[in-house]
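See below for the structure under consideration.
Residue numbers begin at 1 in each chain, while the letters A, B, ... track the order of the sequences. The basis for the numbers below is simple: all heavy atoms, side chains too, and nothing from hydrogens, waters or symmetry mates.
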Amino acid sequence: MKKLINDPRAVVDESVEGFGLAHADLVTVSMDPMFITRKDAPAPGKVGLISGGGSGHEPLHAGYVGLGMLTAAVPGAVFTSPTPDQIIPATIAANSGAGVVHIVKNYTGDVLNFETAAEMAQAEGVEVRTVLVNDDVAVEDSLYTAGRRGVGGTVLVEKIAGAAAERGDDLDAVAAIGQRVNDNVRTMGVALSACTVPHAGVPSFELTEDEIEIGIGIHGEPGRHKIPMENADGITDRLLEPILADLKPSAGDKVLLFVNGMGGTPASELYIVYRRARQILEAAGLTVERSLVGNYITALEMQGCSVSVLRLDDEMTALWDAPVHTAALRWGV
Amino acid sequence: MKKLINDPRAVVDESVEGFGLAHADLVTVSMDPMFITRKDAPAPGKVGLISGGGSGHEPLHAGYVGLGMLTAAVPGAVFTSPTPDQIIPATIAANSGAGVVHIVKNYTGDVLNFETAAEMAQAEGVEVRTVLVNDDVAVEDSLYTAGRRGVGGTVLVEKIAGAAAERGDDLDAVAAIGQRVNDNVRTMGVALSACTVPHAGVPSFELTEDEIEIGIGIHGEPGRHKIPMENADGITDRLLEPILADLKPSAGDKVLLFVNGMGGTPASELYIVYRRARQILEAAGLTVERSLVGNYITALEMQGCSVSVLRLDDEMTALWDAPVHTAALRWGV
Amino acid sequence: MVGQPLDAAWAIAWLKLSAAVVAENRLRLIELDRSIGDGDHGENMDRGFAAIVAKLAEETPATPGAAFKLAAMTLMSKVGGAAGPLYGTAFLRAATAVGESATLDPAALAGALAAARDGVVARGKAELGDKTMVDAWSPAVDAAASAAAAGADGAAVLDAAAEAAEAGAVATDPLTARKGRASYLGERSAGHRDPGAASSALILRAAARAAAGEAA
Amino acid sequence: MVGQPLDAAWAIAWLKLSAAVVAENRLRLIELDRSIGDGDHGENMDRGFAAIVAKLAEETPATPGAAFKLAAMTLMSKVGGAAGPLYGTAFLRAATAVGESATLDPAALAGALAAARDGVVARGKAELGDKTMVDAWSPAVDAAASAAAAGADGAAVLDAAAEAAEAGAVATDPLTARKGRASYLGERSAGHRDPGAASSALILRAAARAAAGEAA
Ligand SMILES: Nc1ncnc2c1ncn2[C@@H]1O[C@H](COP(=O)(O)OP(=O)(O)O)[C@@H](O)[C@H]1O
Ligand SMILES: Nc1ncnc2c1ncn2[C@@H]1O[C@H](COP(=O)(O)OP(=O)(O)O)[C@@H](O)[C@H]1O
Ligand SMILES: [Mg+2]
Ligand SMILES: [Mg+2]
Ligand SMILES: [Mg+2]
Ligand SMILES: [Mg+2]
């Protein structure tokens with residue numbers, strides 16, 4: 001394992017410290033307990049929006065703290081959800097009195113820790129709503145399992161719900177639009193290589209030179225199955241197929257196409273995947289109204305990508321286009 | 001070699017095609033000869049700004065085409081400079097009558113091909129000025145060698161000269177500010193792993209598990225020397241030392257600190273390097289006025305980073321802050 | 001087997017022995033979690049129990065219940081992930097169950113273990129056979145109850161519980177996970193031991209060793 | 001050795017044999033460039049010469065000069081990198097030097113090679129010993145001039161040139177590069193053959209083979 005780090009156990013601390021220094025115009029960093037808030041939080045009268053989860057998915061979530069997106073982010077240890085003693089003060093700091101929405105990726109750890117924190121924050125007088133993101137079609141959705149994972153769709157939920165909070169929607173409305181995004185987005189990922197968690201020191205799974213993992217998440221967990229290496233178009237076909245089968249869009253639907261890099265994939269390759277995904281969507285009669293291509297929710301240095309398709313309505317499109325000013329996503333300002 | 005590609009020889013074509021589809025609001029793509037122009041090029045009365053070079057450094061250069069930055073970009077094959085038959089029509093397309101500045105990274109191939117193109121474009125009536133970027137302190141600067149390489153500083157030259165062109169500076173003024181940025185920026189890079197050129201199929205150099213290459217460029221060429229793996233702080237010290245020795249800043253100087261990922265390095269690690277670089281600069285009495293952290297000029301999926309330090313003056317800072325709207329850099333609009 | 005009284009000293013020794021055994025098994029637990037999860041379980045548990053030891057250097061709980069509560073709060077705030085709230089809840093429910101008693105008799109001990117297990121189930125909603133830590137805790141609780149009913153002393157009750165937990169952990173090997181991160185793997189999760197069940201067995205064994213008089 | 005007349009057919013055969021030999025040596029040239037450059041030289045040359053062959057399927061140059069010009073233009077527009085403009089200039093200068101002659105006599109041939117070399121030097125500003133293609137071209141030009149002066153025929157002149165170029169390429173091995181990408185490596189460039197010198201030797205050998213009557 002070669003990484004640009006000092007002590008494997010100081011990775012999150014030092015990285016968040018650097019992030020805070022580089023983006024001091026946007027964010028305030030609390031180191032202990034660790035959470036990152038918008039410089040101007042809480043915005044009077046506006047709903048607060050928080051997300052968090054294990055570290056290692058940068059720029060998620062700290063990179064999305066700022067105008068028009070998150071009010072606060074709560075990073076845990078690498079691939080480990082944060083604890084209530086971080087989430088509670090972040091929730092309180094994000095609350096202007098209008099309440100706080102927790103955007104939680106559907107993993108047992110995240111759910112349990114945010115659940116506890118929400119309960120305790122409510123006990124301290126903060127109204128909390130939770131949007132559970134579970135867009136990963138690689139995982140079977142069932143009452144008898146942990147359910148689908150929250151992956152690429154999280155970024156879209158944060159952007160669109162963030163814009164709703166910024167325009168002054170109330171607590172239930174912000175949670176509802178976040179939920180609507182989640183209900184209309186599906187994601188599927190592939191890994192060409194594993195990633196190495198700093199404290200583990202060895203890759204999270206093994207792949208030979210001609211194997212890939214289809215249906216991976218963002219934690220270096222193995223996917224649903226290994227298949228022999230294929231070309232980019234073939235892989236993209238395999239990602240889109242379950243997305244469309246599950247989303248069941250109608251011809252004429254407008255969509256946002258999000259091709260996300262897992263951390264170790266060159267931008268040029270993401271655009272090759274984008275090209276093919278776009279061909280498939282257009283062949284299905286869909287209009288790609290908006291696009292996002294890049295490393296937005298990663299698994300350390302994993303090579304691979306995920307593709308997300310979000311069925312848009314006019315309100316979602318307008319909220320997507322609304323100004324955003326964060327370290328990792330910025331437009332209109 | 002596992003990559004999200006189809007035919008190794010179609011990588012640039014398919015990737016640029018995808019880029020054009022994803023950013024159709026910003027750019028127009030000519031596939032043969034290949035070049036990418038701003039949707040609204042040429043802007044009446046404004047100086048055109050072109051850059052180009054081998055592919056594999058994405059988002060450089062196509063990602064910087066748009067308002068306040070490049071008028072056109074000319075991608076060559078992977079790590080191979082483009083040819084005059086691409087550069088000439090791009091130059092003509094970028095010319096509103098106010099002339100065109102070529103931003104050329106100092107590599108023999110880039111210099112020769114842009115030189116030929118400039119001559120031929122001038123013969124067709126386009127005034128051309130050239131800014132040669134050579135910020136890499138890893139390489140000895142001498143009349144008897146190919147001289148220093150153009151690396152991270154290129155992004156800063158493109159942004160600041162682009163803002164000057166956008167505000168309406170004339171040809172010589174745009175070239176002069178570009179030159180001033182180059183004169184005030186120094187860069188040094190490190191690789192933890194090599195990259196694999198698609199048509200070559202094998203890594204560009206070999207490193208064992210406990211070796212790193214110090215002084216690498218952006219083409220997977222080996223660096224000045226291999227050293228045993230060190231921690232992030234130690235590596236950052238090694239990058240900053242020659243930068244400061246060469247730039248010779250004075251206490252009180254204002255600088256822009258640019259920590260650039262080579263393509264395969266997680267953002268969290270870049271912020272760990274940023275943290276240390278900032279400590280060093282502040283210890284030297286410098287004020288870090290502006291920062292940029294991310295994958296802006298890459299070498300495919302190489303793991304590693306470069307650090308650039310630009311000594312700012314008030315005009316450069318204002319031009320840095322000026323609005324920019326490109327696929328990879330955007331603010332103020 | 002004649003053991004220690006199950007008092008505050010025992011509870012503290014249990015926590016310290018747990019910290020030692022988790023630290024020793026850190027890599028093994030990471031490795032188990034790497035196979036069917038995200039490779040952090042050993043790191044998470046080690047961070048949490050190291051924090052408990054640090055807390056114990058500052059304050060000395062006067063009762064087993066106080067020790068359990070200290071453990072619960074520390075695990076809840078330092079571990080994160082799934083294991084943090086689950087173990088946190090387990091110790092919290094055990095603390096509530098034992099109240100302020102200075103020592104636990106075998107029945108109270110068995111009741112505390114059952115409360116802990118019930119807490120895990122309430123939070124995580126896993127059933128027996130879902131390939132989670134419940135598969136270690138449930139047989140341990142049953143074994144403890146039987147032993148206590150049969151008149152065993154505290155040390156013997158814990159020994160039975162530990163043995164059952166160890167068997168329960170081993171028995172997760174062939175199972176297909178239905179809860180937690182391993183469930184994403186579907187059938188590929190079979191053939192691997194559940195890391196949370198493995199750590200639960202280690203911790204229950206530490207309780208038995210503390211009761212048998214082993215010092216931390 | 002009695003060879004072909006150095007006419008348009010020879011020039012075309014030269015270009016086609018060059019394309020074949022460059023294609024065969026693509027990986028070797030990539031490998032040489034990977035060691036001290038950026039690993040694209042074989043790919044660049046292969047792309048350029050394949051384009052020449054494609055062009056030759058569309059049009060048949062009537063003179064050696066026309067063939068050289070076709071090669072120059074194609075290399076200039078398809079190769080890129082350092083090699084594109086340098087080889088392009090070489091062929092362009094050779095074309096200018098031979099004008100519209102239908103066949104080249106040994107002196108004209110030697111003159112064309114010298115013009116080509118001078119073009120490379122004018123563009124690239126490399127001196128002998130800088131570890132570039134000049135280290136193959138310069139001895140080749142000298143050998144060709146001597147052979148022509150000694151009365152050798154075209155084929156023999158080219159044979160001498162190719163042999164000298166091959167020796168010149170080998171002689172780059174110990175040198176430290178002072179031009180091109182390899183110069184960034186400083187002393188680490190010593191111990192490797194310059195890829196452009198290697199490709200130059202291949203191409204000059206192809207010229208000799210074409211002159212010896214070998215068909216493409
Ligand atoms: N719903 C659940 N009920 C009971 N135990 C669970 C549940 N989900 C996960 N676990 C336990 O947690 C363990 C994983 O813990 P850990 O790796 O620390 O957290 P994470 O899965 O968040 O990375 C699993 O091995 C399993 O025993
Ligand atoms: N200034 C120069 N003069 C002469 N030849 C040069 C010069 N610079 C580079 N070369 C030749 O070009 C070769 C490299 O070509 P190539 O790999 O195709 O281009 P690039 O270096 O741009 O990747 C070198 O091996 C060397 O022979
Ligand atoms: Mg985890
Ligand atoms: Mg090259
Ligand atoms: Mg885990
Ligand atoms: Mg090369």
Chain B heavy atoms under 4.5 Å from A:S291: which part of the residue, side chain, backbone, both or neither? side chain
Pick one of side chain, backbone, both or neither for B:I235, based on which atoms fall under 4.5 Å of a heavy atom in chain A. side chain
Greatest number of heavy atom pairs closer than 4.5 Å to chain A - which of B:V16, B:L207, B:D233: B:D233
Top contributor to chain B interface from A:R276, A:R290, A:E211, A:M302 [non-hydrogen pairs under 4.5 Å]: A:E211
Quick check on A:Y274 against chain B: is it the side chain, the backbone, both or neither that has a heavy atom closer than 4.5 Å? side chain
Chain A heavy atoms under 4.5 Å from B:V293: which part of the residue, side chain, backbone, both or neither? side chain
Between the CD atom in B:E17 and the CZ atom in A:R278, the distance rounded to the nearest 0.5 Å is 10.5 Å
Side-chain donor/acceptor of B:K3 to backbone N/O of A:P266, under 3.5 Å: no
With a 3.5 Å distance limit and no angle check, can you tell me whether A:E14 reaches the backbone of B:R275 through a side-chain donor-acceptor pair? no
Only pairs of heavy atoms separated by less than 4.5 Å count here; which of B:G332, B:P198, B:S193 has the most with chain A? B:G332
Working to the nearest 0.5 angstrom, can you tell me the gap between A:N231 CG and B:L4 CG? 10.0 Å
Could you tell me the separation between the CG atom of A:L300 and the OG atom of B:S268, rounded to the nearest 0.5 Å? 6.0 Å
Residue from A:S55, A:A10, A:G263, A:A328 scoring the most non-hydrogen pairs under 4.5 Å with chain B is A:G263
Would you call A:E269 and B:I5 a side-chain contact if the rule is heavy atoms closer than 4.5 Å? yes
Flag yes if more than 12 heavy atoms outside A:K254 fall under 6.0 Å of its NZ atom; otherwise flag no. no
Tell me, do B:N295 and A:N295 make a side-chain contact under 4.5 Å, heavy atoms counted? yes
Rounded to the nearest 0.5 Å, what separates atom NE2 in B:H325 from atom CH2 in A:W331? 9.5 Å
What part of A:L192 is in contact with chain B, defined as an atom under 4.5 angstrom from a non-hydrogen atom: side chain, backbone, both or neither? both
Using heavy-atom distances under 4.5 Å, tell me whether A:V273 contacts chain B through its side chain, its backbone, both, or neither. side chain
From the list B:E301, B:R330, B:M229, the residue making the most non-hydrogen contacts under 4.5 Å with chain A is B:R330
Mind listing the closest non-hydrogen atom pair of B:S15 and A:Y271 along with its distance? O-CB, 3.4 Å
Using a 4.5 Å heavy-atom cutoff, which residues in residues 57-67 of chain A come close to chain B? A:E58
Under a 3.5 Å distance rule, please check whether A:N6 uses its side chain to pair with a backbone N or O of B:A232 as donor and acceptor. yes
For B:T208, is there any backbone N or O sitting under 3.5 Å from a side-chain donor or acceptor partner on A:K2? yes
